[in-house]
Engineer: 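Structure in structure tokens, see below.
Every chain is numbered from 1 and lettered A, B, ... according to where its sequence line falls, protein lines coming before strand lines.
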There are 2 protein chains.
Amino acid sequence: MNPPLAHIVDDDEAIRDALTWLLRTRNVASRAWSSAEEFLAAWQPDFHGCVVLDIRMREMSGLECFDVLLERGNNMPVIFLTGHGDVPMAVGALKKGAFDFLEKPFDDNALVDVVIRAMESDARRTASQEAQATMSSRLAQLTPREIEVMHLVLTGKFNKVIADELNISMRTVEVHRSRVFEKMGVRSAVELAQLLAPGRD
Amino acid sequence: MNPPLAHIVDDDEAIRDALTWLLRTRNVASRAWSSAEEFLAAWQPDFHGCVVLDIRMREMSGLECFDVLLERGNNMPVIFLTGHGDVPMAVGALKKGAFDFLEKPFDDNALVDVVIRAMESDARRTASQEAQATMSSRLAQLTPREIEVMHLVLTGKFNKVIADELNISMRTVEVHRSRVFEKMGVRSAVELAQLLAPGRD
DNA sequence: TTCCACACTGCGGATGACCACAATTGCTGC
DNA sequence: GCAGCAATTGTGGTCATCCGCAGTGTGGAA
């Protein structure tokens, strides 16, 4: 898996170097890209960390780059940097899901804080996403009939009722139910419900 | 219950009237307040709809008003209007949970759209909140011991195991469990798990 | 003191969940 | 055709759940 990095995307080498240095002094690993195109070309779905994206760049702008990332299903938090941002631009970016939007000149401490919080946020997201991936792969192992039975089990219905609704025997329901538990790695309907429900408590 | 209203808070009477008229033509009920203080004095937890809040006002500013609303646990979406907003102000407001941040002069259609979306959002939130209030009032009826047993039941443990952990007899666990189901209005542990879990499927 | 809510316990029976063993049907791929 | 998977069903038995009936003990409120 790709290690978490702060991906710095800026066509100004001085800024790139300054940010790289700044983050290194705070023990934040980073990688610099000299254009949106370069970053997008290298981008992979399992990139982790965050993106620090300059708005004004020679070719593709930071906002355009952001749109491409959204289309590709990027999950990393994106922090915008801009020298000449206006309010609608900032509002639009945040409403599309940007993590933050900072104006130059920015305070070094503030930027580092934002980057760190973004990377923590990504780490949390990654963790919960992995759990969900495990769930999905398990769900994928279920046959159509098993899924059907599982849904009815999750409504709390008795095997007898489920059998009625599907016009099959109770015994068959028991078998499906048992296989579902086995494949999903649980030992009861309650555990299954907890597993398929988001975190609580 | 208070009906859903677009609460217009602006110390400029011309703006208030214009917005009220604009919203009425689109069949959106609204109420105008001539200052943040006036609105906050009248504000009640069961206000519904949304808030259209001017930033620059003579006494308390829109941002200060927003902070007070947040402290009071306001749930209505807040839409900011401003003539001289800057980027950090907009970013800060959105990150604190504002629904939108519009600069004057704004497009009438755009504003109405935002207001309508905000009120729809509030209607959805209200609905899910009522469901949760029902849950809370039911949970409040449970005795301490019943809550304890309920939590263990929700982990999928057998009554026998629960009895062991609490050093009581199985029969007692059965009684608590039964009372929990009765008070929570469910008929099985699975239904209980579904009820206490956020929406899914 | 009396009443009541809460927690606790035992017994026995009805019902549901789970499982091992055993088997049939139909469809797919080699 | 044969192997393999999915879906189906039955028998018989064990374990868990659920429930009514019956009763004890404690602490707080009337």
Engineer: Below 3.5 Å, can you tabulate the donor-acceptor pairs from side chains in residues 106-114 of chain A to any protein atom, sequence neighbours excluded?
Structural biologist:
| from | atom 1 | to | atom 2 | distance (Å) |
| --- | --- | --- | --- | --- |
| A:D107 | OD2 | A:N109 | N | 3.4 |
| A:D107 | OD2 | A:A110 | N | 3.0 |
| A:N109 | OD1 | A:R26 | NH2 | 2.4 |

Engineer: Please enumerate all residues that pass side-chain hydrogen bond (donor to acceptor under 3.5 Å, both in side chains) together with A:T126, with sequence neighbours excluded.
Structural biologist: A:H48
Engineer: Which part of the nucleic acid, if any, lies within contact of A:S178, taking any heavy atom under 4.0 Å across all strands shown: a base, the sugar-phosphate backbone alone, or nothing?
Structural biologist: sugar-phosphate
Engineer: Both A:S188 and A:V175 contact DNA chain C. Which one's nearest nucleotide lies toward the 5' end?
Structural biologist: A:S188
Engineer: Which distance, rounded to the nearest 0.5 Å, do you find between the CG of A:L81 and the CG of A:D100?
Structural biologist: 9.5 Å
Engineer: With a 4.0 Å heavy-atom cut-off, tell me which residues in residues 135-148 of chain B come close to DNA chain D, sorted by residue number.
Structural biologist: none
Engineer: May I ask you to list the residues of residues 156-166 of chain A, by number, that have any heavy atom positioned under 4.0 Å from an atom of DNA chain C?
Structural biologist: A:F158, A:N159
Engineer: What pairs with B:E37 under salt bridge (charged side-chain N to carboxylate O under 4.0 Å, His left out), at least two apart in sequence or on another chain?
Structural biologist: none
Engineer: Between B:Q129 and B:N75, is there a side-chain heavy-atom distance shorter than 4.5 Å?
Structural biologist: yes
Engineer: Taking ring-ring contact (aromatic ring centres under 6.0 Å, His included) as the cut-off, I'd like each qualifying pair that reaches into residues 155-182 of chain B, sequence neighbours left out, listed once.
Structural biologist: none
Engineer: CZ of B:R177 to CD of B:E146: how many Å apart, nearest 0.5 Å?
Structural biologist: 13.5 Å
Engineer: Name the residue closer to the 5' end of DNA chain D, choosing between B:R171 and A:K183 according to the nucleotide with the nearest heavy atom.
Structural biologist: A:K183
Engineer: Checking A:E64 now: which residues fulfil salt bridge (charged side-chain N to carboxylate O under 4.0 Å, His left out) with it, not counting sequence neighbours?
Structural biologist: none
Engineer: Give a yes or no on whether a salt bridge exists between B:K104 and B:D54, defined as a side-chain N under 4.0 angstrom from a carboxylate O.
Structural biologist: yes
Engineer: Reading DNA chain C 5' to 3', which nucleotide is the first, and which the last, to come under 4.0 Å of any heavy atom in chain A?
Structural biologist: C:dG16 to C:dC21
Engineer: Hey, what do you get for CG (B:L40) to CZ (B:R72), rounding to the nearest 0.5 Å?
Structural biologist: 5.0 Å
Engineer: Sequence neighbours left out, cut at 3.5 Å: what donor-acceptor pairs do the side chains of residues 14-22 of chain B make with other protein atoms?
Structural biologist:
| from | atom 1 | to | atom 2 | distance (Å) |
| --- | --- | --- | --- | --- |
| B:R16 | NH1 | B:D10 | O | 2.7 |
| B:T20 | OG1 | B:R16 | O | 2.7 |

Engineer: Determine, for A:E120 against A:R117, whether the closest basic-nitrogen to carboxylate-oxygen distance falls under 4.0 angstrom.
Structural biologist: no
Engineer: I'd like the 5' and 3' limits of the part of DNA chain D contacted by chain A, with heavy-atom contacts below 4.0 Å.
Structural biologist: D:dA6 to D:dT11
Engineer: Salt-bridged, A:D11 to A:R56, with N to O below 4.0 Å?
Structural biologist: no
Engineer: Please determine whether the number of non-hydrogen atoms from other residues, nucleotides or ligands lying under 6.0 Å from atom CZ of B:R179 exceeds 12.
Structural biologist: no
Engineer: Enumerate the ring-ring contact (aromatic ring centres under 6.0 Å, His included) contacts for residues 75-96 of chain B, please, sequence neighbours excluded, ordered by first and then second residue.
Structural biologist: B:F66-B:F80, B:F80-B:F101
Engineer: Does DNA chain C take part in any stems of at least 3 consecutive Watson-Crick or G-U pairs (both distances under 3.5 Å), and if so, which ones?
Structural biologist: C:1-30 with D:1-30
